[in-house]
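Below is one structure, written out as structure tokens; the observations come after it.
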Amino acid sequence: MFAQLSLHRLTAGHPGLAQKLVQKYGNAELVLSEFDPKLTPVAPAIAKSLLTTSRTGNHHKAVEADSSWATDPSHHILSQQDTRYPVKLRTLSDPPYMLFVWGNLDLINEDQIAIVGSRKPTPTGVSNARQFASQLAEVGFTITSGMATGIDAAAHRGTLEAQGKTIAVQGCGADSIYPRSHERLAFNILERGCLLTEYPTGFPAHARHFPQRNRIVTGLSRATIVIEAALKSGSLISARLAMEQGREVFAIPGSIRSRQSEGCHQLIRQGATLATSVLDIVEEFHDFSVRRHPDRPALSKSEQLVLKVLTEGPRHGDRIVEETNLAVAELMAVLISLEVKGEIESGADGYMLRKLA
């Protein structure tokens with residue numbers, strides 16, 4: 001493991017390079033002992049690291065710090081040879097050579113949906129992120145994002161509010177939280193999920209790390225939902241990565257006058273699936289078994305109230321409002337939730353219990 005950690009640290013920031021070197025030389029130990037820049041041309045800085053930095057005392061101390069980090073029972077370092085390494089990441093052209101994971105390790109191979117978007121969202125964008133994350137978590141998906149300010153953080157919080165499970169992929173070292181203002185959020189995530197990064201301990205957050213981080217967010221997930229994105233934004237990079245990885249991409253439309261929605265509208269024109277409700281997403285995955293979290297009440301009081309009304313027969317939305325006295329906005333959320341849970345469906349006669357449909 002020491003040689004693997006050493007090689008990983010020396011090539012961090014260059015996705016796929018460590019794997020290519022191992023394929024050429026045979027293993028990490030041989031890369032470090034036999035590397036020849038004349039036979040294997042790489043950037044001068046990388047060549048210097050492999051030839052000289054790998055033999056310095058400071059480098060050895062840094063690798064030892066990585067090993068020490070993993071002595072915590074909740075910390076895990078996974079190589080690509082580890083059977084716990086995410087299956088979906090193995091299919092990428094440039095999978096992380098190693099992963100640093102802390103928290104619930106089992107989540108990294110569960111069904112995930114990525115939610116990404118603007119760091120400066122509108123209130124509507126924040127609300128959409130929380131609602132989509134919450135409802136997807138309720139039916140069993142793990143929500144994955146990058147813990148950035150804005151839409152990312154809203155998605156994580158929406159998941160936690162629904163008592164769901166969430167993964168935060170970081171663009172900094174395994175011993176850091178970024179941004180620092182999200183330390184409390186990170187601790188909350190660790191209670192029901194996990195944090196992961198490909199960067200060893202001591203690596204600071206850097207702008208070039210985030211596009212690399214994004215390939216992991218989308219690579220882990222079955223689909224990526226983009227909620228508010230300007231025409232030039234990291235979220236569009238994530239969407240492009242997801243498409244290149246063969247993943248589904250959904251975009252939530254917004255106002256035609258909002259710059260924050262221009263990126264989503266462009267994605268829809270380019271073939272992303274328009275999503276206006278969680279049903280648009282769940283219905284794309286016929287092999288996914290919808291489930292409720294066992295530690296949540298099966299149905300809320302509002303959901304039970306609506307189901308009681310529908311036992312008397314199909315109803316259109318306006319009549320359900322009259323009979324339940326629920327606010328229109330609340331009713332719409334309840335109806336979506338019940339459809340996602342498979343309790344009701346809609347038709348020409350309005351909403352009806354699925355067992356009576």
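This is a predicted model, so every value here is computed, not measured.
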* Do W69 side-chain atoms and A174 backbone N/O form a donor-acceptor pair below 3.5 Å? -> yes
* Asked: Do R184 and N188 have side-chain heavy atoms sitting under 4.5 Å apart?
  -> yes
* Go through the steps to decide whether D280 and T276 satisfy the test side chain to side chain donor-acceptor pair (under 3.5 Å), and finish with yes or no. => CA-CA 7 Å; D280 295 328; T276 58; 3.1 Å; yes
* Structure fact -> Rounding to 0.5 Å, atoms CD1 (I167) and OG1 (T159) come to a distance of 10.5 Å
* Asked: CZ/R213 to OG/S238 distance, rounded to the nearest 0.5 angstrom?
  -> 7.0 Å
* Heavy-atom closest contact (A47 atom, F35 atom, distance) -> CA-CE2, 4.0 Å
* Asked: Does T197 use its side chain to pair, donor to acceptor, with the backbone of C172 at less than 3.5 Å?
  -> yes
* Asked: Considering only heavy atoms from C-beta outward, does the side chain of V306 approach that of V309 to under 4.5 Å?
  -> no
* Asked: Which residues satisfy the side chain to side chain donor-acceptor pair (under 3.5 Å) test with D349, sequence neighbours excluded?
  -> none
* Asked: Is the number of heavy atoms from other residues, nucleotides or ligands under 6.0 Å of R90 CZ greater than 12?
  -> yes
* Who are the ring pair (Phe, Tyr, Trp, His ring centres under 6.0 Å) partners of H14, not counting sequence neighbours? -> none
* To do: Please answer whether the main-chain N or O of H316 pairs with a side-chain N or O of R319 as donor and acceptor at a distance below 3.5 Å.
  => no
Per-pair distances, 0.1 Å, donor-acceptor, side chain in residues 113-120, under 3.5 Å, sequence neighbours excluded:
residue	atom	partner	partner atom	Å
S118	OG	K120	N	2.8
S118	OG	K120	O	3.3
S118	OG	Q260	NE2	2.9

* Asked: So do the side chains of V31 and N27 get within less than 4.5 Å of each other, counting heavy atoms only?
  -> no
* To do: Identify the heavy atoms of A155 and A133 that sit nearest to each other, and give their distance.
  => O-CB, 3.2 Å
* Which atom names give the shortest non-hydrogen contact between D94 and P15, and what distance separates them? -> OD2-CB, 3.8 Å
* Asked: Are any side-chain N or O atoms of Q112 and backbone N or O atoms of I108, one a donor and one an acceptor, separated by less than 3.5 Å?
  -> yes
* **Any P253 side-chain heavy atom under 4.5 Å of L274 side chain** => yes
* Asked: Is it the case that D36 and T40 place a side-chain donor and acceptor less than 3.5 Å from each other?
  -> no
* Structure fact -> To the nearest 0.5 Å, atom CG of L51 lies from atom CD1 of I46 at 11.0 Å
* To do: Dump the intermediate steps for side-chain contact (heavy atoms from CB on, under 4.5 Å) on L236 and Q266, then the final yes or no.
  => CA-CA 9 Å; L236 294 193; Q266 176 174 287; 4.1 Å; yes
* Is the shortest heavy-atom distance from the side chain of C194 to the side chain of L105 under 4.5 Å? -> no
* pair L78-L196: side-chain heavy atoms closer than 4.5 Å -> no
* To do: Return the set of residues passing side chain to side chain donor-acceptor pair (under 3.5 Å) with Q135 (not counting sequence neighbours), or none when no residue passes.
  => none
* **Those residues that, when tested against R315, pass salt bridge (Lys or Arg N to Asp or Glu O under 4.0 Å) (two or more places apart)** => E312, E323
* Could you tell me whether a side-chain N or O of T166 sits under 3.5 Å from a main-chain N or O of T144, the two making a donor and an acceptor? => no
* Asked: Linking I/L/V/M/F/W/Y whenever any side-chain heavy atoms sit under 4.5 Å apart, do I268 and F250 land together?
  -> no
* Asked: ring pair (Phe, Tyr, Trp, His ring centres under 6.0 Å) with F2: which residues, sequence neighbours excluded?
  -> H60
* Is R222 salt-bridged to E110, cutoff N-O under 4.0 Å? -> no
Tell me which donor-acceptor pairs under 3.5 Å the side chains of residues 224-233 have, and how far apart each pair is, sequence neighbours excluded?
residue	atom	partner	partner atom	Å
E228	OE1	T122	N	2.9
E228	OE1	T122	OG1	3.4
E228	OE2	T122	OG1	2.4
S233	OG	A230	O	3.2

* Please confirm whether the backbone N or O of S176 pairs with a side-chain atom of Q170, one donor and one acceptor, at under 3.5 Å? => yes
* Starting at CG of L10, measure out to OG1 of T52 and round the result to the nearest 0.5 Å. => 9.0 Å
* Asked: Taking atom types as modelled and ignoring hydrogens, do the side chains of D175 and T201 form a donor-acceptor contact shorter than 3.5 angstrom?
  -> no
* Asked: For P123, does its backbone N or O pair with a side-chain atom of S127 as donor and acceptor, under 3.5 Å?
  -> no
* Quick one: closest heavy-atom pair of K88 and G219, and the distance? => CB-O, 3.3 Å
* Within the distance-only criterion (no hydrogens, no angle test), does the side chain of N109 pair as donor or acceptor with the backbone N or O of R84 below 3.5 angstrom? -> yes
* Separation of R9 CZ from S54 OG (nearest 0.5 Å) -> 13.0 Å
* Side-chain hydrophobic cluster, 4.5 Å single linkage: members besides F210 -> Y178
* Structure fact -> The side chain to side chain donor-acceptor pair (under 3.5 Å) partners of R55 (sequence neighbours excluded) come to none
* Taking all non-hydrogen atoms of both residues, which atom of S145 and which atom of H156 are closest, and how far apart? -> CB-NE2, 3.5 Å
* I77 and L99: same hydrophobic cluster, using ILVMFWY side-chain contacts below 4.5 Å? -> no
* Hydrophobic cluster membership, F285 vs V282, 4.5 Å side-chain cutoff -> yes
* **Common cluster, L353/L338, ILVMFWY with side-chain heavy-atom separation under 4.5 Å** => yes
* Asked: Any Lys/Arg nitrogen of R157 or E161 sitting under 4.0 Å from an Asp/Glu carboxylate oxygen of the other?
  -> no
* If Ile, Leu, Val, Met, Phe, Trp and Tyr residues are connected whenever their side-chain heavy atoms lie under 4.5 Å apart, and connections chain through other members, are V87 and V101 in the same group? -> no
* Asked: Where do N128 and T124 land on the side-chain contact (heavy atoms from CB on, under 4.5 Å) test, with the steps shown first?
  -> CA-CA 6 Å; N128 284 338; T124 298; 3.7 Å; yes
* To do: Check side-chain contact (heavy atoms from CB on, under 4.5 Å) between S79 and all other residues, then give those that pass, not counting sequence neighbours.
  => Q4, Q81, D82, M98
* Structure fact -> Those residues at least two apart in sequence (or on a different chain) that pass side chain to side chain donor-acceptor pair (under 3.5 Å) with S221 are none
* Find the distance between OG (S6) and CD (E64) and round it off to the nearest 0.5 Å. => 11.0 Å
* Asked: Do you know the tightest heavy-atom contact between A153 and H182?
  -> CB-CE1, 3.7 Å
* Say whether, by atom type as modelled, one donor and one acceptor occur between the side chain of H76 and the main chain of F100 under 3.5 angstrom. => no
* Asked: Just by distance, do the side chain of T56 and the backbone of T53 share a donor-acceptor pair under 3.5 Å?
  -> yes
* Asked: Is there side-chain contact between S93 and E244, with heavy atoms separated by less than 4.5 Å?
  -> no
* To do: Quick one: list whatever passes ring pair (Phe, Tyr, Trp, His ring centres under 6.0 Å) with H209, sequence neighbours left out.
  => Y199, H206
* Asked: Is there side-chain contact between L92 and I216, with at least one heavy-atom pair below 4.5 Å?
  -> no
